[in-house]
There are 4 protein chains.
Amino acid sequence: MERAILEGVIGLLEEGVPLAELSIERIARTAGVGKATIYRRWSGKEELFVDVIRAAEPPEPELPGTSMRDDLLVLLENLRQRGLASRSSALLHNVHAQMKSNPKIWAAYHENVIAPRRALVLDVLRRGQLNGELRPDVDVELANDLFVGPVLVRSVLRPDADLPAGLAEDIVDTVMAGLRPVSSTVSQH
Amino acid sequence: MERAILEGVIGLLEEGVPLAELSIERIARTAGVGKATIYRRWSGKEELFVDVIRAAEPPEPELPGTSMRDDLLVLLENLRQRGLASRSSALLHNVHAQMKSNPKIWAAYHENVIAPRRALVLDVLRRGQLNGELRPDVDVELANDLFVGPVLVRSVLRPDADLPAGLAEDIVDTVMAGLRPVSSTVSQH
Amino acid sequence: MERAILEGVIGLLEEGVPLAELSIERIARTAGVGKATIYRRWSGKEELFVDVIRAAEPPEPELPGTSMRDDLLVLLENLRQRGLASRSSALLHNVHAQMKSNPKIWAAYHENVIAPRRALVLDVLRRGQLNGELRPDVDVELANDLFVGPVLVRSVLRPDADLPAGLAEDIVDTVMAGLRPVSSTVSQH
Amino acid sequence: MERAILEGVIGLLEEGVPLAELSIERIARTAGVGKATIYRRWSGKEELFVDVIRAAEPPEPELPGTSMRDDLLVLLENLRQRGLASRSSALLHNVHAQMKSNPKIWAAYHENVIAPRRALVLDVLRRGQLNGELRPDVDVELANDLFVGPVLVRSVLRPDADLPAGLAEDIVDTVMAGLRPVSSTVSQH
DNA sequence: CCCTAATCGAGACGGTACGTCCGGTCTTTGT
DNA sequence: ACAAAGACCGGACGTACCGTCTCGATTAGGG
């Protein structure tokens with residue numbers, strides 16, 4: 001049942017139906033379902049969208065584990081191509097935007113989708129500190145932003161721009177270079 | 001007239017009225033204005049919001065011009081405190097999110113608000129290349145993202161988080177350090 | 001506007017649509033009108049029905065005025081043929097029944113439709129007392145019930161039964177005979 | 001089981017719950033019963049109400065049998081006080097009204113409740129013809145209406161009015177007086 | 001200084017969607 | 001085995017807005 005509804009929504013979005021025209025009534029009609037069946041499971045459009053995004057979210061990439069740099073490259077490349085940053089998921093972009101209007105829903109999305117992804121990066125960074133690739137006095141939270149921010153900023157502010165192929169490598173190498181010097185200005189939190 | 005309407009909207013948002021409850025009807029009622037008077041000036045809620053944001057947008061900061069680093073610090077600090085990144089403008093955040101649902105409006109906002117700000121940063125970076133603070137073979141577009149991305153990513157993904165005071169300085173110094181080495185991996189686009 | 005809605009409802013009833021299927025939504029659809037336009041005028045189905053009945057109500061008959069007996073004959077005959085008692089208005093019958101479920105609406109109907117009709121009969125009776133056709137010590141309220149009750153009881157309890165042609169005359173003459181004797185048992189209120 | 005459901009409904013009505021709020025769902029909840037259990041026994045709300053009325057109907061009065069007049073007085077007095085005409089059964093009144101919207105149900109109610117009561121009156125009248133209290137050429141159907149109509153008309157059209165104590169006696173005596181004269185206008189149908 | 005024209009507020013209009021409730025059917029669960 | 005519990009589809013409820021529209025009333029400036 002839930003499956004049918006979620007896939008109905010994804011289907012509509014893929015057909016190019018604008019997000020603004022996705023009423024609960026239309027979703028129910030499309031899925032061949034009563035409105036109550038939807039309201040029984042979700043409190044409204046926004047909550048439903050959290051699950052739609054979750055259902056359409058690409059799987060987390062396999063990490064090579066050979067080095068922090070390699071792991072970061074895979075993660076950022078994945079983000080560039082298929083994550084929030086991807087042009088192919090322009091639809092998810094809008095759902096994403098819509099959700100931000102509702103703090104509660106956004107919190108749920110943050111907890112279920114964004115936070116795990118962030119935790120993954122933090123793990124990679126901490127492993128890098130253990131094996132010497134990253135100085136141990138660097139604030140991993142800040143480092144995370146330094147790596148992820150430049151990729152995301154383009155997709156958020158200029159969603160239709162093309163993200164060049166070498167972007168992830170450029171970012172990783174530049175930021176790692178900036179974080180390596182002994183005379184660093186970045187101190188533990 | 002326009003003034004009264006825009007200020008009515010800003011007033012409502014400041015009173016804590018959720019963006020989702022801002023109907024044209026309510027806006028008209030608040031401003032003591034007929035609905036037609038609003039539709040005569042804007043084609044709908046989103047177009048109106050572009051002007052609301054423009055009216056509430058903080059002025060561009062005065063640049064010291066003493067060095068690229070100083071200019072960047074002022075710009076990022078301004079972004080951290082008063083721009084999109086500011087918690088104080090949580091309301092603008094939502095308007096922002098809402099607008100992204102409408103590509104046409106988003107484009108207008110991008111052109112009128114985001115692009116000028118971006119151009120400012122690019123100018124600063126190019127001046128930095130002229131006076132030797134930034135290697136001339138660095139892609140200024142990428143550099144822009146490296147500087148701005150880490151500030152914005154927090155405000156976009158975790159709007160309620162506190163942005164620490166030294167953040168701008170940490171970012172500027174780290175990224176500049178990463179971009180300075182002779183053996184750079186960053187090449188002109 | 002009101003006209004179109006009321007006539008739409010009457011049309012539907014005449015087409016044989018069961019009263020229970022007369023939803024506000026359907027009425028609006030039929031009249032080519034928004035639901036709000038109906039709710040702007042009536043608070044609900046029942047209030048609307050009061051006006052439907054009023055619009056479909058046959059006009060009050062011309063009274064000959066030649067005598068109380070003649071007037072009563074016309075009134076009762078009219079009641080038998082075209083009023084509540086008429087088989088042809090089976091539809092009104094149901095609307096009538098429906099209204100009784102709502103005391104407020106019933107009161108409105110009573111005030112606007114039933115009471116004037118009753119007042120008419122009471123007037124005729126009082127004129128009869130003035131010209132000697134009816135003893136002046138008779139309670140006109142009771143007399144009214146004695147004349148009207150027998151006609152109505154059939155239409156209320158057995159709405160599909162045929163009311164014989166001479167019914168009104170039989171009733172008027174019998175009751176007048178019962179009310180005339182000197183040794184009457186009917187005293188002023 | 002049936003007992004519990006019917007008594008649940010009567011209980012609700014006695015608590016003053018308006019008839020319009022008596023949904024099958026609520027009845028089931030009150031009786032602690034599944035909806036299916038109700039639909040297994042009755043085809044809908046209306047059929048159920050027939051049994052509710054039957055269960056709440058007052059017993060037929062004991063007839064003295066001393067004379068037609070005495071019997072009629074008892075019957076009409078009973079009607080005035082406890083039957084359809086009674087204010088105390090305002091609730092039944094509404095159920096009654098509701099049923100009229102459904103011809104099938106109304107027919108069932110007519111057959112089970114109204115017709116027997118009518119037959120009783122007709123019996124009394126025919127016994128009166130045999131013992132000389134009522135002229136044998138009078139149409140008993142009409143006579144029935146002449147006696148019963150005046151009592152019912154008040155309760156149907158003005159359910160909140162007080163029916164005065166002497167009403168039954170006034171009606172019986174007046175109508176009997178009207179029916180007695182040799183020069184009667186009432187002929188066998 | 002008046003008179004045409006534009007503009008205003010107010011709010012009715014046909015619609016769409018909201019979130020809730022109920023009608024009847026059908027399925028699951030437990031006793 | 002049967003009954004309670006309740007999910008299911010469908011659809012009406014009454015409300016809120018949408019964007020269009022028609023009203024008078026109020027300005028405004030150009031003749």
Side-chain angles (χ1 to χ4, degrees), chain A residues 1-2 4-5 8 18-48, chain B residues 1-2 4-5 8 20-48, chain C residues 1-2 4-5 8 19-48, chain D residues 1-2 4-5 8 20-48 102:
Chain A
M1 191 88 301
E2 279 190 29
I5 295 170
L19 183 70
E21 292 180 14
L22 272 196
S23 58
I24 291 277
E25 225 140 67
R26 179 162 185 180
I27 291 169
R29 231 178 298 131
T30 301
V33 135
K35 281 201 290 179
T37 304
I38 292 180
Y39 282 109
R40 226 190 309 277
R41 282 160 223 279
W42 298 280
S43 80
K45 221 183 317 205
E46 297 78 15
E47 260 197 16
L48 169 56
Chain B
M1 191 87 307
E2 278 190 29
I5 295 169
E21 292 180 14
L22 273 196
S23 58
I24 291 277
E25 228 141 66
R26 178 162 184 180
I27 291 169
R29 229 177 300 130
T30 301
V33 135
K35 284 201 291 177
T37 305
I38 292 180
Y39 282 108
R40 213 172 287 124
R41 283 158 224 276
W42 298 279
S43 80
K45 218 183 318 200
E46 297 80 14
E47 261 196 14
L48 168 56
Chain C
M1 190 86 307
E2 280 190 27
I5 295 169
L19 183 69
E21 292 180 14
L22 273 195
S23 57
I24 293 275
E25 226 140 65
R26 178 162 186 181
I27 291 169
R29 231 177 298 133
T30 301
V33 135
K35 281 201 292 178
T37 303
I38 294 180
Y39 282 109
R40 215 172 283 122
R41 282 158 222 279
W42 298 280
S43 79
K45 222 183 316 203
E46 296 78 16
E47 259 196 17
L48 167 57
Chain D
M1 191 88 302
E2 279 190 30
I5 295 169
E21 293 181 13
L22 273 195
S23 59
I24 291 276
E25 227 140 68
R26 177 160 186 184
I27 292 170
R29 227 178 302 131
T30 302
V33 135
K35 284 201 290 178
T37 305
I38 292 180
Y39 282 108
R40 214 170 287 125
R41 282 160 226 275
W42 298 278
S43 80
K45 220 184 317 203
E46 297 79 13
E47 261 198 14
L48 167 56
N102 184 324

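Note on naming: letters A, B, ... go to the chains in the order of the sequence lines (proteins, then strands), and numbering restarts at 1 for each one.
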Short heteroatom pairs, N/O only, protein and nucleotides 28-31 of chain E, under 3.5 Å:
none

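Rounding to the nearest 0.5 angstrom, the gap separating the CD1 atom in D:Ile5 from the CD1 atom in D:Ile24 is 9.0 Å.
In this structure the side chain of B:Arg40 reaches within 4.5 angstrom of the side chain of B:Thr37, judged on heavy atoms.
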Nucleotides 12-21 of chain E: protein proximity per nucleotide (B base, S sugar-phosphate only, - neither; heavy atom, under 4.0 Å)
BBBB-BBBB-
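Residues meeting the side-chain hydrogen bond (donor to acceptor under 3.5 Å, both in side chains) test with D:Glu2, sequence neighbours left out: none.
The CD1 atom of B:Ile38 sits 15 Å away from the P atom of E:dG11 (whole-angstrom rounding). In this structure, the CD atom of B:Glu2 is 13 Å from the P atom of E:dT7, given to the nearest Å.
Scanning all heavy atoms of the two residues, the minimum distance from A:Gly34 to A:Ala28 falls at C-CB, 4.2 Å. The shortest heavy-atom contact between A:Lys35 and A:Glu25 is NZ-OE2, 2.7 Å. Here the shortest heavy-atom pairing between A:Ala31 and A:Ala4 reads CB-O, 4.3 Å.
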